[in-house]
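Lettering of chains follows the sequences in order, A, B, ..., and the numbering in each one begins at 1.
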Amino acid sequence: MDPAGTFATSFVRDQALIRTRWQWLALAAFLVALLIAPMFVGPRLVAIGIGIFITAVVVLGLQLNTGYSGQINLGQAAFMGVGAYTAGVLSTTFGVPFFLAIPLAGVSAALFGFIFGLSAARIKGFYLALTTIAAQFIFHFLILSLPTSWLGGSNGIIVAAPDFFGYRLSTDTHIYYLCLVVVALMTWGAYGIARSRQGRAFVAVRDDDVASGIMGINVTRTKALSFLVGAFYAGVGGALWAYYVRYVAVDQFTLIHSVWFIAMIIVGGMGSVTGALIGVVAIVLVQEGISTAGPIVAEAMPFLGGQISFAAMNIFLGGIIAAFLIFEPRGLMHRWIIMKRSYRVWPFPY
Amino acid sequence: MGEFLNYTVNGALIGLTYALVAMGFVVIYRASKVFNLAQGELVVLGGFIVWLMMIQLDLPLIIGLPIAFLCAGIFGFLIDRIFFSRMAGQSVFAMVMVTIGLMILLRGVVLVAFGAQVRQFPAVFPVFPVIWGDFLIPQAMLYGGVITVCVALGLAWFFNRTRAGLRMTAVAEDHQVAMSLGISVRRSVIIAWIMGSMLATLGAIIFLSNRSISFITSEIGLLALPVALLAGLESIAGLILAGILIGIVQGLAAGYLDPALGASVSSVLPFVIMLMILFIRPTGMFGWKTIERV
C-alpha cells in the first residue's frame with residue numbers, strides 16, 4: 001500500500017519496485033552502508049555478512065520455488081551442492097574464471113533441479129516432498145560412489161581462490177564484495193520474476209493447480225520452470241560458497257541444511273522476496289548467537305554435556321518452524337506490513 | 001538352497017519390523033491426514049522411556065512395559081495438544097513442515113535429556129536364536145513378526161469395520177467434510193497420536209531388544225518409509241505384504257548383490273523402490289485414489 005497522495009498513473013509506475021523519492025534515498029543509503037561496512041566492522045562480522053549473502057541467494061531461489069509456486073522443495077541444499085561442485089571442478093580442473101564459473105554452476109544445478117521439477121508434473125504435496133528428500137540422498141550417493149579422481153569422493157575438493165584478470169580475490173573482504181554484487185543482482189532478478197507474467201503464473205499454480213490449468217496456464221511447464229529457477233539460484237549460491245570456503249565436501253549440503261532454508265522462508269514470510277531476505281538475516285544471526293554462546297554455556301554448566309550447542313540448534317530450528325506455522329504462518333513480513341499499513345492510514349482504522 | 005531360504009525368511013521378518021514402524025505412519029495418517037515424518041524420533045523416545053524404566057529404574061518387565069506404554073500415550077497426547085490441535089484443515093506444506101520441525105525438536109530434546117551416548121537396550125525377548133533345521137532366527141524377530149501381523153489385522157479391523165474407526169477414516173478423507181458430518185476431528189487426531197506414539201514404543205521394543213539405542217536410532221523411521229509408500233498411505237493390512245516384500249528384496253540383495261558388487265546396494269535398494277513407486281504409482285499397492293475437484 002502506498003503512502004497517502006502517491007498514485008500510479010501508468011502500468012509501468014504501478015509495477016515499479018521503488019515508488020517514492022524516500023524509498024530511493026533509503027535504498028541508496030542501505031547499499032552505501034553495505035559497501036562501506038567491511039571498512040568499519042571486524043573480520044567476524046564480515047564473515048557473518050558473507051554467510052548471510054550466500055544463504056540469501058539460495059533462499060531467494062527457494063522462495064520462488066516454494067513460496068511463490070508452492071512446490072515443496074526439501075532438496076535445496078543438494079542443488080546448492082551441485083553448484084558448488086561444478087564451480088569447484090570448473091575453476092580448479094579446467095581453469096574457468098569465476099565470472100563464467102558462477103553462472104555455469106547455476107546452470108548445472110538448474111538442470112539437476114529440472115529433473116525433479118519434471119516429477120512435480122505427476123505428483124504433488126507430500127509425495128513431492130519425499131521426492132525432493134530423495135534428491136538429497138541421490139546427490140550424496142552419487143558424489144560418494146563416483147571415482148575419487150572426479151569429485152574427490154568423501155575427501156571433498158579444494159578450490160583455488162577466484163582470479164580476476166591476475167588479481168586474486170583471496171581475502172574475506174574481496175569475497176564480501178563479490179557476494180554483495182551477486183546477491184544484489186539476484187535479488188533484483190527475483191523481484192523481476194515475482195512481478196512478471198511467469199511470477200503470476202507461479203502464484204496461480206500455488207493457489208490451485210487444477211484451476212490454473214483450466215485458466216490456460218501450462219501447469220507442467222510452470223512447475224518445472226519454478227524448480228529450474230529455484231535450483232539456478234541454489235547453484236549460484238553454491239558457487240559462491242565454494243569460492244568462500246575454498247573446500248567443497250558432501251556433508252556441507254545435507255537435508256538439515258535444506259530444512260534450515262525452509263525455516264528461513266517460513267520465518268520471513270512465504271511468497272515475499274523481502275520476507276526471504278528478512279528470514280535469512282534473522283535466522284543466521286540466531287545461529288551465530290547459539291554457536292557463540294554454546295561453548296560458554298557448556299563451560300558454565302558442564303552437566304548439560306558437550307553437545308549442548310548442537311542440541312540447542314536442533315531445539316531452536318524445530319521449535320521455530322512449528323511456532324511460526326502455528327502462530328504466525330505468514331511470517332515476519334506479514335507482521336511488518338500490518339505495522340506499516342496502520343502507520344500510514346493513521347488516524348483512520350483503514 | 002538353505003542359504004537362500006535363510007536370507008528370505010530373515011529378510012521377511014526384518015521387513016515385518018519395518019512394517020510395525022510404518023504402521024505408526026499409517027495409523028496417524030488414517031486418523032488425522034498428517035504424515036508424521038517424526039515417527040523415527042517417536043521410536044527413539046519410546047525406546048528411551050523403556051530403557052529408563054527397565055535399566056535405570058530396574059523395574060521388572062511386567063510393570064515396566066505398561067508404564068512405558070502409558071508414558072508414550074501421554075507423550076502422544078501432549079504432542080497433539082501442543083502442535084496439532086491448532087493445525088486442523090491446514091495446507092499440506094504446513095503439516096509436512098510441522099512434522100519435520102517436530103522431528104528436529106525431538107532430536108534436540110532427546111540429546112538434552114539422554115545425551116549422545118550409545119546405551120544398552122534391555123533384552124525384552126530371549127536372546128538365543130531359534131535354530132530349526134537350516135534356519136537360524138532371532139527370537140525377537142520371530143515374536144515381533146507375530147505381534148506385527150496380529151496388531152496389523154486388529155487395527156485394520158478397527159479402521160474398516162468399527163464405527164469409531166470409520167469415523168476416524170472420514171477425518172483422513174477431508175477435515176471439513178468430517179466436521180460438517182458431526183465428527184470430532186480433534187478427538188480423532190488425539191486418538192491418532194496416542195496410538196501412533198504407542199506403536200512407536202512397541203516398534204522400539206521389538207526392533208531394539210538386546211541391541212543398543214542412541215539418538216541415531218531414529219533412522220528406522222527412514223527405513224520404514226518405503227514400506228509405508230509401497231503399501232499406500234491408507235492401508236494397514238497392506239503393510240504386512242509390503243514389509244515382507246521390501247524385507248525379502250533387501251535380505252536377498254544383502255546376501256547376494258552386496259558381496260558381488262562390493263557396495264552397499266541393499267541399503268539403497270529400498271529407496272530406489274520408493275522412488276519408483278513415487279514416479280509410477282504414488283498411491284502404492286492399496287492406497288486410496290483421490291479425485292480432484294476445483
Side-chain angles (χ1 to χ4, degrees), chain A residues 66-67 70-74 118-119 122-131 133-135 137-138 141 144-145 206 208-215 255-256 258-260 262-263 265-266 270 304-308 310-327 329, chain B residues 29 33-35 37-38 41 79 82-87 90-117 215 222 225-226 228-229 233 263-264 267-268 271-272 274-275 277-284 287 290 292-294:
Chain A
T66 303
Q71 307 303 304
I72 306 176
N73 179 0
L74 282 162
L118 288 180
S119 75
R122 270 182 66 81
I123 52 183
K124 57 185 172 187
F126 167 70
Y127 297 106
L128 182 64
L130 277 189
T131 314
I133 292 178
F137 290 108
I138 290 172
F141 185 71
L144 292 179
S145 49
R206 172 191 72 192
D208 196 319
D209 56 348
V210 181
S212 60
I214 295 167
M215 276 164 55
L255 182 59
I256 197 92
S258 296
V259 177
W260 276 111
I262 295 218
I265 61 170
I266 290 175
M270 304 277 289
L304 284 172
Q307 67 282 347
I308 184 70
F310 178 58
M313 212 67 117
N314 276 317
I315 292 178
F316 167 70
L317 174 59
I320 197 126
I321 291 175
F324 264 84
L325 283 172
I326 294 170
F327 298 112
Chain B
Y29 192 83
K33 215 182 178 186
V34 175
F35 193 90
L37 286 166
E41 255 64 28
I79 289 178
I82 297 170
F83 295 99
F84 292 94
S85 60
R86 300 160 217 260
M87 297 288 295
Q90 290 273 15
S91 68
V92 178
F93 174 78
M95 294 291 196
V96 169
M97 285 319 296
V98 168
T99 62
I100 289 179
L102 180 66
M103 170 175 103
I104 296 164
L105 184 69
L106 284 181
R107 183 175 303 168
V109 170
V110 165
L111 270 175
V112 171
F114 299 101
Q117 301 94 316
F215 73 105
L222 274 182
L225 262 181
L229 274 173
L233 293 183
S264 56
S267 59
V268 187
F271 298 101
V272 176
M274 181 175 99
L275 262 188
I277 303 162
L278 281 171
F279 282 133
I280 299 166
R281 194 184 158 89
T283 49
T290 51
E292 278 191 64
R293 295 188 184 86
V294 179

Novice: Report which part of A:T66 has an atom under 4.5 Å of a heavy atom belonging to chain B: side chain, backbone, both, or neither.
Specialist: side chain
Novice: Is chain B contacted by the side chain of A:F141, its backbone, both, or neither, given a heavy-atom distance below 4.5 Å?
Specialist: side chain
Novice: Nearest 0.5 Å please: distance from the CD atom of A:Q71 over to the CZ atom of B:F93.
Specialist: 11.5 Å
Novice: Answer with side chain, backbone, both or neither: which region of B:I100 has an atom nearer than 4.5 Å to a non-hydrogen atom of chain A?
Specialist: side chain
Novice: For A:F137, which atoms come within 4.5 Å of any heavy atom of chain B: side chain, backbone, both, or neither?
Specialist: side chain
Novice: For B:L222, which atoms come within 4.5 Å of any heavy atom of chain A: side chain, backbone, both, or neither?
Specialist: side chain
Novice: Who wins among A:V259, A:L325, A:I262 for the most heavy-atom pairs under 4.5 Å with chain B?
Specialist: A:L325
Novice: Under 4.5 Å from any heavy atom of chain B, what part of A:D209 do you find: side chain, backbone, both or neither?
Specialist: side chain
Novice: So what's closer than 4.5 Å to chain B heavy atoms on A:L128: side chain, backbone, both or neither?
Specialist: neither
Novice: With only heavy atoms counted, which part of B:V110 is less than 4.5 Å from chain A, the side chain, the backbone, both or neither?
Specialist: neither
Novice: Picking from A:I321, A:L317, A:I315, A:I256, which has the most non-hydrogen pairs under 4.5 angstrom with chain B?
Specialist: A:I315
Novice: What I'd like to find out is whether the side chain of B:F279 reaches to under 4.5 Å of the side chain of A:T131, using heavy atoms alone.
Specialist: yes
Novice: List the steps and the verdict of side-chain contact (heavy atoms from CB on, under 4.5 Å) for A:F316 and B:I104.
Specialist: CA-CA 9 Å; A:F316 167 70; B:I104 296 164; over 6 Å; no
Novice: Who among A:M313, A:R122, A:M270 has the most heavy-atom pairs with chain B under 4.5 Å?
Specialist: A:R122
Novice: Considering only heavy atoms and a distance below 4.5 Å, find which of B:I277, B:V272, B:L233 pairs most often with chain A.
Specialist: B:L233
Novice: Taking side chain as everything from C-beta outward and backbone as N, CA, C, O, which of these in B:F84 sits under 4.5 Å from a heavy atom of chain A? Side chain, backbone, both or neither.
Specialist: neither
Novice: Can you find a pair of side-chain heavy atoms, one from B:F271 and one from A:I138, that are under 4.5 Å apart?
Specialist: no
Novice: Heavy-atom distance under 4.5 Å to chain A: side chain of B:M87, backbone, both or neither?
Specialist: side chain
Novice: Counting only heavy atoms closer than 4.5 Å, note whether B:V98 contacts chain A via side chain, backbone, both or neither.
Specialist: both
Novice: With heavy-atom distances below 4.5 Å as the criterion, would you say the side chains of B:L106 and A:N314 are in contact?
Specialist: no
Novice: Grab the two heavy atoms, one from B:P282 and one from A:Y127, that are nearest each other, plus how far apart they are.
Specialist: O-CE2, 3.1 Å
Novice: Taking all heavy atoms of B:V92 and all of A:F126, pick out the closest pair and write down the distance.
Specialist: CG1-N, 3.5 Å
Novice: What's the separation between atom CG in B:L37 and atom CG in A:L130, rounded to the nearest 0.5 Å?
Specialist: 6.5 Å
Novice: Between B:M97, B:R86, B:R107, B:M103, which residue shows the highest count of heavy-atom pairs closer than 4.5 Å to chain A?
Specialist: B:M97
